[in-house]
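The structure under discussion appears below in the form of structure tokens.
Treat the numbers as computed from the prediction; the structure is a model and nothing was measured. Below, chain A is the first sequence line, B the second, and so on; all start at residue 1.
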Amino acid sequence: MLNITLPDGSQRQLPDGATGYDVAASISEGLARNALAVTVNGDVRDLHRALPDNATVSILTWNDTAGKSTYWHSSAHLMAEALEALYPGVKLAIGPAIENGFYYDVDLGEGRSISSEDFPEIEKKMLELAKNKSRYERKEVSKADAIAYFTEKQDPYKLELLENLEDGNITFYTQGNFTDLCRGPHIPDTGNIKAAKLMNVGGVFWRGDANRQQLTRVYGITFPKAKDLAEYLERLEEAKRRDHRKLGKELKLFAFSEKVGAGLPLWLPKGTALRERLEQFLRKAQVKAGYLPVVTPHIGAKELYVTSGHYEKYGADSFQPIKTPNPGEEFFLKPMNCPHHCEIYKTEPRSYRDLPVRFAEFGTVYRYEQSGELHGLTRVRGFTQDDAHLFCRPDQVKDEFMKVIDIVLYVLKALDFNDFTAQISLRDPENKAKYIGTDENWALAESAIIEAAAEKGLTTTTELGEAAFYGPKLDFMVRDAIGRRWQLGTIQVDYNLPERFDLEYTAADNSKQRPVMIHRAPFGSLERFVAVLIEHCGGNFPLWLTPEQFIVLPISDKYSDYAYQVKAQLEQHDLRGTVDGRDERIGRKIRDAEMGKIPYLLVVGEKEAQDNIISVRKHGEGDLGSMPLEAFVKSVQSQMVEAM
RNA sequence: GCCGUUUUAGCUCAGUGGUAGAGCACUUCCUUGGUAAGGAAGAGGUCAUGGGUUCAAAUCCCAUAAAUGGCUCCA
């Protein structure tokens, strides 16, 4: 008999040779039907493999990330089978599952290519093959047999992969007419692949090496129900509708100009209004938290970056130096604010009593990002960080972290990001030599971050080896309104720069000590944050932030005087808006204002002018009826207070 | 930076070798209209840039730039 422990801690006894499927069947028929794979002591395995004794087993279905991933990996094999059927002689490289679906890298051979026009045929073939309900059969093979198989098949990529595999550790999976070198695991059979869609095709290099063979990467996604595919495609459409590049243009927030240069955004008046409001919002919170605003120049002498180490690391791959009439004199556009802030720290001797000291700056920096990497506002060559550097004693790290977490949480709440986790990135304990700083300090900082996150009640994940060489960090991984994940709000410990800039403070015993430096940027950069925010709210910004809160729409030009009176009165209550004074009918004015995503449309005509009221229409909700100005002001103001 | 695709009016896009098009936006006129597009007229283009092929190029070829989908990178 086997003793099996389930995730809830309960125990079950099954006959020897029982499989994950048997466990699922012993729980419920439905679970057995939906089971895709199992985890055995944490490792994902095929559902139909015999279980070891005393294992902890959990059943994976479509609702588990690992279940989906297994499903998509199996789908990649199905696509490969379809490709082999349609493109005889195709050579296969690798085909993993990814976050949304899977891909397979293939070599079609000279003169053949796949384009999106070929997708329907491949999809059709996949579904046709899936209908056979072919089982994914696992088989352990010797290295010699595996090499013989792929030599026969003339697949150089699989042969190369085999070179790095150990004999006795090699498995093949076969479904239908297709056999692949694969570690697995896989779903039981192709039967529950009910919907397939190829998404994209692109060229990649074998093993990412530009000197090697160019392969075709075919991306696809599959689902157990046709409805799921339809929903997925709808989500993609929604993402397109929310694309910040599209909305940025439509709402006149920002633009790019070839003449100005790639990756250098131009902020239009409305975008600037939004951005400045964000800045004010954070500046206020920072001053309350004891930050000291500073301002530093956009360039720095070469020596500054030699000291910081950036010259050596990035000098050749970035914007090249600015020369002056003075021979040998060189300046660099600043790629970051930290070196400047270190120099500010050094302007006076610091006592342990002065710490922490927190310098904040909305600092514009320039980085020569690779041309292929530029993307709307999320990846640009000139951007403004909501930067601050905290210099503190080692024993203050935890407290400072907690305070920064407070600010980040405040920002996320005000902007309606409610779904997030904190990722703690620590040192790789196996490879401590990679990192700068003493063991003692690392241990102190790492436990400070972990404790701070725990005391703030954050949901956290911990990544070993993800820390920068100069210190551990905490990032907020935020899920937006349509389920995409973004990294916002970074807090990072730095042992490197204090060392390089020889920063010190005088301790209580009169000894010189090294302060700990903490970088932090709740937004990251204004550019990227605005991009994420646009996509999160679909261009419908929170009322307190939006460039225009209202627009007054006079029924005809007879009432435009009254319209301007309304605007002036609302402005006295610190509300922002305009009057649509065009010679157009009210229907047109409403349509344009709705398309412009302005939260409140205030219609005024004869009736309103006479009774000194306004007729209020809310964006996306329709007519709210008429009311006195004061009532409107009160309702809007209370909404804004609530949001903060 | 590499591979692919794209670039035509302010915007969204038609136009596959023979005189440059539509809708919206813009200007003017008419219209004074009550909750998602009132009507008419007009103006607007070295078809990204530079070369080439051709009697003839928006259209075919080459280069450059930018955008875009990937790859690589991301202090």
Side-chain angles (χ1 to χ4, degrees), chain A residues 98 103 105 113-116 199-219 243 245-246 249-250 252 255-264 305 308-315 317-318 332 334-339 365-376 378-381 383 385 387 468-471 487 490 492 494 496-497 519 521 524-525 528 553-560 582-596 601-609 615-626:
Chain A
I98 52 178
Y103 67 78
D105 286 347
S113 67
I114 291 181
S115 80
S116 51
M199 301 306 295
N200 206 348
V201 59
V204 294
F205 293 105
W206 170 234
R207 305 215 144 164
D209 181 345
N211 298 315
R212 306 204 59 184
Q213 181 66 38
Q214 172 104 32
L215 303 173
T216 304
R217 179 168 294 179
V218 186
Y219 290 87
D243 190 317
R245 293 168 300 184
K246 175 173 170 284
K249 196 184 272 184
E250 285 173 9
K252 300 189 179 179
F256 289 89
S257 148
E258 256 185 63
K259 269 211 169 101
V260 172
L264 299 171
Y305 302 108
S308 71
H310 295 108
Y311 179 79
E312 192 188 2
K313 198 154 180 220
Y314 297 100
D317 302 324
S318 195
F332 281 82
K334 76 171 162 187
M336 52 183 354
N337 304 298
C338 342
V365 298
Y366 299 89
R367 297 178 185 179
Y368 189 76
E369 304 295 356
Q370 294 180 26
S371 58
E373 197 52 42
L374 301 174
H375 179 93
T378 57
R379 193 92 176 139
V380 290
R381 285 179 172 161
F383 56 97
Q385 297 179 310
D387 215 355
F469 77 92
Y470 50 80
Q487 185 192 309
T490 284
Q492 192 152 9
D494 189 339
N496 183 40
L497 288 179
H519 311 256
S525 79
R528 196 177 119 83
L553 310 178
I555 298 280
S556 84
D557 60 10
K558 282 194 234 161
Y559 312 106
S560 79
R582 293 177 304 165
D583 176 15
E584 291 291 350
R585 280 160 213 235
I586 194 65
R588 157 51 68 98
K589 293 183 183 182
I590 286 169
R591 181 184 150 83
D592 289 349
E594 288 280 358
M595 304 267 282
L601 320 191
L602 311 177
V603 178
V604 297
E606 188 179 3
K607 200 165 51 173
E608 289 79 10
S615 178
V616 179
R617 180 186 166 111
K618 193 167 183 186
H619 170 74
E621 289 180 27
D623 198 351
L624 301 184
S626 54

Which nucleotide wins on minimum distance to the side chain of [X], given the candidates [options]?
| X | options | value |
| --- | --- | --- |
| A:R591 | B:A36, B:U32, B:G34 | B:A36 |
| A:A262 | B:A66, B:G34, B:G1 | B:A66 |
| A:S615 | B:U32, B:A36, B:U35 | B:U35 |
| A:R588 | B:A25, B:A75, B:G34 | B:A25 |
| A:I555 | B:A75, B:G33, B:C74 | B:G33 |
| A:I586 | B:G1, B:G34, B:A36 | B:G34 |
| A:I590 | B:C2, B:C71, B:U35 | B:U35 |
| A:Q370 | B:G38, B:G70, B:G1 | B:G1 |

Scan every strand shown for a Watson-Crick or G-U wobble partner of [N], both distances under 3.5 Å, and answer none if you come up empty.
| N | answer |
| --- | --- |
| B:A22 | B:U12 |
| B:C47 | none |
| B:G69 | B:C3 |
| B:A41 | B:U27 |

Quick one: label [X] by what it contacts on the DNA or RNA (base, sugar-phosphate, nothing), any heavy atom closer than 4.0 Å.
| X | result |
| --- | --- |
| A:G587 | sugar-phosphate |
| A:E608 | base |
| A:D623 | base |
| A:E369 | nothing |
| A:G376 | sugar-phosphate |

Taking the [atom1] atom in each of [N] and [M], what is the distance between them to the nearest angstrom?
| N | M | atom1 | answer |
| --- | --- | --- | --- |
| B:U8 | B:G15 | C1' | 9 Å |
| B:U6 | B:U59 | C1' | 15 Å |
| B:U7 | B:C13 | C1' | 12 Å |
| B:U35 | B:A48 | P | 45 Å |
| B:G42 | B:A36 | C1' | 28 Å |
| B:A58 | B:U16 | P | 13 Å |
| B:G17 | B:U72 | C1' | 41 Å |
| B:G18 | B:A57 | P | 11 Å |

Give the rounded distance in Å between these two atoms: [atom1] of [X] and [atom2] of [N].
| X | N | atom1 | atom2 | answer |
| --- | --- | --- | --- | --- |
| A:F256 | B:U7 | CZ | C1' | 17 Å |
| A:E250 | B:C24 | CD | P | 17 Å |
| A:L374 | B:A65 | CG | C1' | 13 Å |
| A:E312 | B:A75 | CD | C1' | 13 Å |
| A:H375 | B:C71 | NE2 | P | 13 Å |
| A:Y219 | B:G4 | OH | C1' | 12 Å |
| A:E258 | B:A65 | CD | P | 11 Å |
| A:E584 | B:U27 | CD | C1' | 13 Å |

I'd like to know if [X] reaches the base of [N] with its side chain, counting only an N/O donor and acceptor under 3.5 Å.
| X | N | result |
| --- | --- | --- |
| A:E373 | B:G70 | no |
| A:R217 | B:C71 | no |
| A:D583 | B:U31 | yes |
| A:R617 | B:A36 | yes |

Side-chain N,O ([X]) to OP1/OP2 ([N]) below 4.0 Å:
| X | N | result |
| --- | --- | --- |
| A:S556 | B:G33 | no |
| A:R245 | B:U68 | yes |
| A:R582 | B:U27 | no |
| A:K249 | B:U12 | yes |
| A:Y368 | B:A75 | no |
| A:R585 | B:C30 | no |

Of the non-hydrogen atoms in [X] and [Y], which two are nearest, and what is the gap between them?
| X | Y | value |
| --- | --- | --- |
| A:E373 | A:R379 | O-CG, 3.1 Å |
| A:I555 | A:G605 | CG1-CA, 3.5 Å |
| A:L601 | A:A593 | CD2-CB, 3.5 Å |
| A:L374 | A:A262 | CD1-CB, 3.7 Å |

For this session: Decide yes or no for A:S318 and A:F332: does some side-chain heavy atom of the first lie under 4.5 Å from some side-chain heavy atom of the second?
Result: no
Exercise. Any side-chain heavy atom of A:L602 within less than 4.5 Å of one from A:V616?
Worked result: yes
For this session: Give the ring-plane orientation class for A:Y470 versus A:H519, where under 30° counts as parallel, over 60° as perpendicular and anything between as tilted.
Result: tilted
Seminar exercise, completed: By nearest-nucleotide position on RNA chain B, the 5'-leaning member of A:Y470 and A:D557 is A:D557
Seminar exercise, completed: Comparing nearest nucleotides in RNA chain B, the 5'-proximal residue of the pair A:K313, A:V204 is A:V204
For this session: Using a strict 4.0 Å threshold on nitrogen-to-oxygen distance, state whether A:E594 and A:R617 make a salt bridge.
Result: yes
Exercise. Centre of A:Y366's six-membered ring, under 6.0 Å away, within 45 degrees of the axis: is that where NZ or CZ of A:R381 sits?
Worked result: no
